[in-house]
Each structure stands twice: as C-alpha cells, then as structure tokens.
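Heads up: the structure comes next, in structure tokens.
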Amino acid sequence: MTATLPPMTTPSTWLRVVEALRAPEGSPVTVKGWLRTRRDSKADGGLSFLAVHDGTCFDPIQAVAKADLPNYASEIAHLTTHCAVEVDGVIAKTPKGGNEIQARAVRVVGLVENPDHYPIQPKPHTMEFLREQAHLRSRTNTFGAVARVRHCLSMAIHRFYHERGFFYVHTPIITASDCEGAGQMFRVSTLDQLNLPKTPDGAVDHAKDFFGKQAHLTVSGQLNVETYCCALSRVYTFGPTFRAENSNTSRHLAEFWMIEPEIAFADLAADATLAEDFIKYLINAVLTERADDMKFFDERIEKGLLQRLKDVLEKPFRRLPYTEGVKILVDAAKRTKFEYPIEWGKDLQSEHERYLTEQHFKQPVILMNYPKQIKAFYMRLNAPGTDGAPGDTVAAMDVLVPSVGEIIGGSQREERLSVLDQRLDEMNLSKADYWWYRDLRRYGTVPHAGFGLGFERAMMFLTGMQNVRDVIPFPRAPGQADF
RNA sequence: UCCCCGAUAGCUCAAUGGUAGAGCGGCCGGCUGUUAACCGGCAGGUUAUAGGUUCGAGUCCUAUUCGGGGAGCCA
C-alpha cells in the first residue's frame, strides 16, 4: 500500500458522508464508501441513484449518476449492494430537500463477486443469520448503529468518571491469585497439555508453569481496584472479563466488558447514587450524541425505546430493601403465578426481579441489603435488625431495569478486619490466599464501596437489542469462538 | 448443564408418506427523480449429517451436529 489517507481536517473535497449530508449546496465533494442500494431510472436520458454509506452516520448519501458518464453502461449500471466506490460531484438538493451528490465521476474500487450469493442483501435479515456472518454484519444498518452506539457509550463512560475525578486503573487480565471467587475461570498455561509435568505424587506440577503457579483470566477487577481505591480515593476499571460458565442464554457471554468503579469514604447509599447518576448519564449521552441511530432502534428494534429511556431519566430510581422486596413478592404470589417460591433468605429468581421492575414499579429498582448467606464474603455486614430483616444482611445492591433485569451488582466492602476474617472462615476461604486484600484493612482501612456494570447489558438496555451476542462485535460463548 | 422448539434455493418460508414451490434477492427486459419502487421473463436444490422403516421419505424412527427460546449461574 502506497496510498496514504489525507487528514480529514486539511482542505480537501473528500468528505465523510456525515459531512457531505450537511455540506452547502454547490460544494464540490468526493465521498468514498460502499453502495447500500442502486436504483435506475430512464428519466433525463437514463440515470442511477446510488445510496453510498461509509459508516460515519446512520444515513447514506444519494449520488445521482447519469448515463453520459463514460463508465455508466460498463460499470455503474451493474453495481450491486456493497460495491466500494469513490464518487466525485457537487452537492445538490433532492426534490424533498435533502442533500445529494450530482456525480461527475464514479470510480469502482471493489466489486462484489457473485452478487446472487452475497449474504447481505438489501432486505431484512434475521439476527440469527447475521450472527453467522459476523464478518459482514457490520455492514448492515443495525450493526453499524450498534457499533456507533457502543463507541459512544465507551467514551461516555470514561468521560463520566474523568469529570468526577476518578482515575482509570488498568487491572490485570491474567490473575494468579485464584481468589476472585465468582465463577468458573479460564486457565492460562504454557504447559504442554499432552505431556504435563507431574510432581512425585502424580499431580500436575504447576510450579513448572509460566507463572510458577496456576493462573487464570480475570473474572473481576474489583479486588485489584480496591487497592488503588484505598490510595487514590476514586477509581474505576473498564476492561474485558472472562467467565468459563456453561451459560447458554441471551444475556451471558464468556468474554464481556465490565465497568467497576470503587469509591473510598463511601457507604452503600453513596454507591447507589453513583450507579443511578451513571446510568442516567449514559442515557443522555446516547440520546444526544447518536440521535440518528437511536431513532432507528426506536423504529425498528424496540418500539417505544426512546420514551422508555426518557421515562428512566425523569424519576429517581426506586430504592428498596431486599426485605421489602420479598414482602411485595410474597404478596404478589397470591395473584401472580411464580415458577419458584419466594421467601426471605433466598436469592431472587429472574421472574421475581422482572416482576418488581417491569410490573410492580415499572421503573429501575435498586434492591439493597441482601441476606448474607447468598452474597460474597467481601460485602459489609449490616447491624442486626437493619430494615427489620429476620436475619443477618450485608450492604449489597442490585440495580434492576426493565427488559434486561440485573444490570449492576455492587456493595459496600467490609472494611473491618475482624469481621472480614470471620466471613472468610464461615465460607471456608483461606486467609493466607487473601493476604494482600486483608492488608488493606490492617493499614489505614476506610469504608469504601463499588459496583460492576455489565457493558453489554447496558448496551441491550440502551438499544433494545434482545440478544447480548448482537451488541458485541465478535461474541464468545460456549462452543462459539468463530471469527 | 436441564426443558422445549427448529434446520428445505443467497435470505424468509410453503409442500396429506406419492412430480420440491412462493416471496424477496440475483441476472435480462419494460416503466419510472427513484428512495422497502413497480411489471414481465430467466437462472438458482445432495431438503444439516449418518443410519433405519417403507414399493416409495423433505415428511415417520434413532443418533449426531448446529441454531433459537426458557431455566440455573451471573454482569
């Protein structure tokens, strides 16, 4: 490749489609992109309408190519969906008032071979089919919009925390601490799997492995980020996370992205406020920055999406003790048929969470203070009798939103070493394994709290997309790592 | 991992155990400042794979693979 891309900011007639759509009438322009559709007319001695898109915005721009162009009959009249072209011309107005390009030249850069078998046709496709064409689905309206919103959301996340004085901490992808708790992990090893080194007693000799011990891909950056929280006060991580669970649902991935803020000198209420502000900030960001894509999602993916999001912005999230939530569900069980029984001390099932956020409150709900036996060791033990609960609770919260369910899980962390040790003992976890985590409680411990937001679940919530595999470019799930 | 459903043309789907079809897309032509265009014609098939039942299987049976929905786990 010898050709270089001129910077878009230097004087040039090469405009991105998003710019060409706003350029003044009469401007000379060049656009470079791919054909969405071609329509022909015999009017004015013959002409073709070429809808050209380059991914810079939802709408393509229409180029009008007349039959007197030298390559009209030989090339232009045969262009099909997703042929790559460069169009030189002048900005003009369509009869309806929008911008179009009166083409002076149409250069064919790349043709589509076998157009009758090209998978992406100018017609509705099912999500299932496009999932099998992950290398081509980025060219569709839907996945172009998903990609742009995903980018917008990523930037908004960093902006939200940066504006509030948080520091972005790069927590490790590979972890050898083996004490992260949550879920099955992917092993990271350089040992020859067909010829594993053994110890004298026949076990695999992990000391011979790359890190001198067992290592895995991270399932959470939380424990690591807590160390920086207890030094920089407000921090967050935003990176990939891996779970080797055999989950086959529309809401789970083996590789997904998670945002985990952690705040010092803070309790659960402050954590909940941060979570609510965060979600509302993200809604505002996509509504204002990607209005074109959000309009498409509202019209074609989920009718009423924009209204649903605006409703979320208007009201404060409903904060509710777990104990209260159970009372509502026990009462509801008299009229609504739940598949699983509900009682205090049990974790809520998906159907219960959906009932609270979709039927009872019809808005996001923050459930707080869960029974300690269903939550992790690091969550702070509440004073006995908090919320009138019949048993011990911890300062945990789940944020539930309509149509997605649990989108955030968080807690105030146990900062008291003696209580933490007691919890480790209760759950048969080794204090030695957690030595550095315990050190944070020995040297200048402070109340702190944080949460994890599933990035792809936020995408589903914001776009109305129904399957998590369609809001990430290349989904990884059990038995699925193509592309 | 468990339960349920499915796999037929490039795509979306039809086809009582008896000649494998339509719409869209593609190609050719007609019409048209078109924009989910419209009209006519043509091409396009190892019915997921492997067995079995039957005179005869896209259809019935078994296994496998892949996909979807739900559940569990969670974000």
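Per chain, numbering begins at 1; letters A, B, ... match sequence-line order.
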Query - Base of B:rG10 and ring of A:Y118 stacked, centres under 5.5 Å, planes under 30° - result: no

**Report entry** Gap in Å between the two C1' atoms, one belonging to B:rC2 and one to B:rU12, rounded
**Finding:** 31 Å

Requested in this report: Could you measure between the two P atoms, the one in B:rA15 and the one in B:rU54, and give it in whole Å?
Outcome: 27 Å

Requested in this report: Compare side-chain N and O positions of A:R354 against OP1 and OP2 of B:rA71 and report whether any pair is under 4.0 Å apart.
Outcome: yes

Query raised in the report: Between A:R131 and B:rG68, does any side-chain N or O lie under 4.0 Å from OP1 or OP2?
Result: yes

Query - Side-chain N,O (A:S247) to OP1/OP2 (B:rC73) below 4.0 Å - result: no

Report task. Nearest whole angstrom, please: distance from the P of B:rG26 to the CG of A:N114. Result -> 14 Å

Report task. Give a yes/no on whether any side-chain N or O of A:R251 is located under 4.0 angstrom from OP1 or OP2 of B:rC73. Result -> no

Requested in this report: Please give the nucleotide sitting opposite B:rA71 as a Watson-Crick or G-U wobble pair, both distances under 3.5 Å, or none.
Outcome: B:rU1

**Report entry** Among B:rA75, B:rC27, B:rC73, the nucleotide that comes nearest once only the side chain of A:T80 is considered
**Finding:** B:rC27

Query raised in the report: So does A:T249 get a side-chain nitrogen or oxygen closer than 4.0 Å to the phosphate oxygens (OP1/OP2) of B:rC74?
Result: no

Query raised in the report: Is the distance between the ring centroids of A:Y378 and A:Y437 under 6.0 Å?
Result: no

Query raised in the report: How far, in whole Å, is B:rG58 from B:rU1 if one measures between their P atoms?
Result: 32 Å

Query raised in the report: When rounded to the nearest Å, what value does the distance between P atoms of B:rA43 and B:rG10 take?
Result: 16 Å

Report task. Count the heavy atoms belonging to other residues, nucleotides or ligands that lie under 6.0 Å from CD of A:Q133, then report whether that count exceeds 12. Result -> yes

Report summary line: Of the listed B:rA75, B:rG68, B:rU32, the closest approach to the A:K42 side chain comes from B:rU32

Query raised in the report: Who does B:rU19 pair with, Watson-Crick or G-U, both distances under 3.5 Å?
Result: none

Requested in this report: Among the candidates B:rU12, B:rA75, B:rC11, find the nucleotide nearest to the side-chain atoms of A:K123.
Outcome: B:rC11

Requested in this report: Under 4.0 Å between any heavy atoms, over every strand shown, what does A:R300 touch: base, sugar-phosphate, or nothing? Just pick one.
Outcome: nothing

**Report entry** C1' spacing across the pair B:rG44 / B:rU16, given as an integer number of angstrom
**Finding:** 28 Å

Query raised in the report: Any idea which of B:rG10, B:rG67, B:rU32 is nearest the A:Q121 side chain?
Result: B:rG10

Requested in this report: Kindly say if A:S41 contacts the phosphate of B:rG33, meaning a side-chain N or O under 4.0 Å from OP1 or OP2.
Outcome: yes

Query raised in the report: Is the count of non-hydrogen atoms from other residues, nucleotides or ligands lying under 6.0 Å from A:R107 atom CZ greater than 12?
Result: yes

Query raised in the report: Looking at B:rA71, B:rU1, B:rC74, which one has an atom nearest to any side-chain atom of A:Y340?
Result: B:rA71

Report task. Ignoring the backbone of A:V64, work out which of B:rC74, B:rG69, B:rG33 is nearest its side chain. Result -> B:rG33

